[in-house]
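Every chain is numbered from 1 and lettered A, B, ... according to where its sequence line falls, protein lines coming before strand lines. What you are looking at is a predicted structure, and each value in this text was computed from that prediction instead of being measured.
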Number of protein chains: 2
Amino acid sequence: MRISQLSAASGVPIPTIKYYLREGLLPPGEQTSATRAEYGAGHIRRLRLVRALLEVGRLPIASIRKVIAAVDDENLGMHEVLGTAHYALAPAVEAHDDDEEWRRARAEADRLITDLGWRIDPGAPTRDELAQAILTLDRLGMPATGEALRPYAAAALDLVVEHEIGTIPLDGPREAAVEALVVGTVVHGRVLDVLRRLAQESVSARFFGVPES
Amino acid sequence: MRISQLSAASGVPIPTIKYYLREGLLPPGEQTSATRAEYGAGHIRRLRLVRALLEVGRLPIASIRKVIAAVDDENLGMHEVLGTAHYALAPAVEAHDDDEEWRRARAEADRLITDLGWRIDPGAPTRDELAQAILTLDRLGMPATGEALRPYAAAALDLVVEHEIGTIPLDGPREAAVEALVVGTVVHGRVLDVLRRLAQESVSARFFGVPES
DNA sequence: ATTATTGGATAGTACAGCTAGCCAATCGTC
DNA sequence: GACGATTGGCTAGCTGTACTATCCAATAAT
């Protein structure tokens, strides 16, 4: 398969494919001569993975590169690859350790995690993300204690355990499992977010009294 | 309160405040002379709202402007303002109506919404977001039927009804209610997303056999 | 009187994610 | 074996976003 066919098959324009090759998001095709390279089904799969992380997960290219490197590293186990994806998904929340308010929010986040009995890396950036959300709720005078967030934690845990773990093909090759894990993380996150907003709209329509059509 | 104090009180640099004024995210201060304007507590609240939408909700400035215009429009009811926020949160998913696969995914999304009995605007962009997620799951061979997504919908609805509706101060002034509604949408979304990823990490740590510390 | 600050305006920066153009080597086709 | 089209590899340019920086004359504080 040449680059033009890869482009046609994936829907990604040739210049963009070239760009992904340069950026290391896509492995080079197999060189058959100085001006010809052969691409395969693996490249189509890889492009799908990249587009899913980009369009659904909204990850920046640099993060996608890291995730892909982890996916391709045969030495890494499932947990390590998932960790890489989580790091990529929790960006740009730089902690303000000098700020008193921030430290309180971060302590609240850590306390919630401890109370739930969850096993979370002490250095996980997700902790900072949670702290940021708690701080924001707090500043706007909305309930943001561990108690108030428990229903969210319970629902999240339930969905992960009951639904998401089961969709990972653990009996197949490592690559398939790892890809499903990474994409599942990203896409299920969006599914839940979208459905929550839809639920909100529906409830709002009834609650705030828009007449039934 | 002059601009330097507003900056100190909010933590937002003066040039950025000026930028927000230019962009219409922040109403101008009350002019007291040609080179002096007075800012008040409302400006601090408004800055908090903007930063929450920006940092937690990751909305682009242009979308924030629209949301704020809706918040400030006294003629709009709660449901309309929420709708504006939802439009702002569901960006950039342009529908490919020409694509057969896309139409199937979109039909599946619409069917799920109908089956759930939810009242959703037929033109809501959230429908396209859901279709995009379903299409992505589908292409990667993961379960993406309405059946498979029902647990997510149920959990989302439960959280919205049991928890989020209650945090909106309906007895106070319109502005407070509307702000809580908008910020709540954005921040609760992130809370749920973050907690889901934390639950995932915890489950993964146990499931994929990282030794207990 | 002097120094500092302010509001308003214009211009510049940094990064992200492409997109475009060029070029020589080679391929398919006649 | 001639020849137009395609390819890979390269460098450069473009568009959009969210700021920063600089300048200025008018005022305020001391």
Side-chain angles (χ1 to χ4, degrees), chain A residues 1-40 43 46-68 88-89 91-94, chain B residues 1-40 43 46-68 88-89 91-94:
Chain A
M1 190 190 284
R2 283 170 250 113
I3 200 172
S4 58
Q5 294 171 276
L6 180 60
S7 169
S10 65
V12 179
I14 291 181
T16 305
I17 293 178
K18 287 181 169 188
Y19 168 65
Y20 291 166
L21 287 166
R22 284 199 303 278
E23 292 295 315
L25 304 189
L26 200 59
E30 198 189 334
Q31 288 278 117
T32 61
S33 84
T35 64
R36 208 95 341 171
E38 186 68 17
Y39 302 92
H43 289 90
R46 176 53 51 91
L47 271 180
R48 273 215 277 265
L49 175 60
V50 168
R51 299 302 276 195
L53 294 179
L54 190 68
E55 292 173 357
V56 180
R58 285 173 194 171
L59 298 194
I61 297 287
S63 304
I64 294 177
R65 183 170 37 229
K66 286 181 201 156
V67 171
I68 280 181
L89 278 166
V93 180
E94 81 280 26
Chain B
M1 191 190 290
R2 295 185 268 314
I3 199 173
S4 57
Q5 294 171 277
L6 179 60
S7 170
S10 65
V12 179
I14 292 180
T16 306
I17 293 178
K18 287 183 169 187
Y19 169 64
Y20 290 166
L21 287 166
R22 284 199 300 279
E23 291 296 313
L25 304 189
L26 200 58
E30 198 190 332
Q31 288 277 116
T32 61
S33 86
T35 63
R36 207 103 330 179
E38 186 69 15
Y39 302 92
H43 288 89
R46 175 52 52 92
L47 271 179
R48 272 216 277 267
L49 175 61
V50 169
R51 299 303 276 195
L53 295 178
L54 189 69
E55 293 174 357
V56 180
R58 281 165 201 176
L59 299 195
I61 297 289
S63 304
I64 295 177
R65 184 170 36 231
K66 285 181 202 157
V67 171
I68 280 181
L89 278 166
V93 180
E94 79 279 26

- Query: Is a donor on one side and an acceptor on the other found under 3.5 Å between the side chain of B:R65 and the backbone of B:E23?
  - Reply: yes

- Task: Send over the distance from B:Y39 OH to C:dG7 P, rounded to a whole Å.
- Result: 4 Å

- Query: Counting side-chain heavy atoms from C-beta on, which of C:dT19, C:dT26, D:dT20 comes nearest to B:T16?
  - Reply: D:dT20

- Task: Send over the distance from A:I14 CD1 to C:dT19 P, rounded to a whole Å.
- Result: 13 Å

- Starting at CG of A:L26 and ending at P of D:dG8, how long is that distance when rounded to a whole Å? 11 Å

- Can you tell me the distance, in whole Å, between the CG atom of B:L6 and the P atom of C:dT6? 11 Å

- Query: Which part of the nucleic acid, if any, lies within reach of A:P60 when heavy atoms closer than 4.0 Å are counted: base, sugar-phosphate only, or nothing?
  - Reply: sugar-phosphate

- Taking all non-hydrogen atoms of both residues, which atom of A:I61 and which atom of A:L54 are closest, and how far apart? CD1-CD1, 4.0 Å

- Task: Indicate, with a heavy-atom threshold strictly under 4.0 Å, whether A:L54 touches base, sugar-phosphate, or nothing.
- Result: sugar-phosphate

- Is it true that the side chains of B:R46 and B:Y39 contain a donor and an acceptor less than 3.5 Å apart? no

- Item | Over all atoms of both residues, closest heavy-atom pair of A:L25 and A:I68 | O-CD1, 3.4 Å

- Item | N/O (side chain, B:Q31) to phosphate O (OP1/OP2, C:dT6) under 4.0 Å | no

- With the side chain of A:K18 defined as its heavy atoms from C-beta on, choose the nearest nucleotide among D:dG9, C:dT26, C:dG8. D:dG9

- May I ask you to verify if any side-chain N or O of B:T35 is less than 4.0 angstrom from the OP1 or OP2 atom of D:dA28? no

- Message: Whole angstroms only, please: what is the OH-P distance between B:Y20 and D:dA18?
- Response: 9 Å

- Item | Interatomic distance where OH belongs to A:Y19 and P belongs to D:dC10 [whole Å] | 16 Å

- Message: Quick check on DNA chain D: between A:S33 and B:A62, whose nearest nucleotide comes earlier from the 5' end?
- Response: A:S33

- Message: I'd like to know if B:R22 reaches the base of D:dT20 with its side chain, counting only an N/O donor and acceptor under 3.5 Å.
- Response: yes

- Query: Any donor-acceptor pair under 3.5 Å joining the side chain of B:R2 to the base of D:dT27?
  - Reply: no

- Task: Using only side-chain N and O atoms of B:S4, determine if any of them is under 4.0 Å from OP1 or OP2 of C:dT5.
- Result: no

- Note on the structure: Atom CG of A:L21 and atom C1' of D:dG8 are separated, to the nearest Å, by 9 Å

- Note on the structure: Heavy-atom nearest nucleotide on DNA chain D taken for B:R51 and for B:T32; more 5' hit belongs to B:R51

- Please give, in whole Å, the distance from D:dA29 C1' to B:Q5 CD? 14 Å

- Looking only at heavy atoms, which two atoms of B:P27 and B:H43 are closest? And how far apart? O-NE2, 3.0 Å

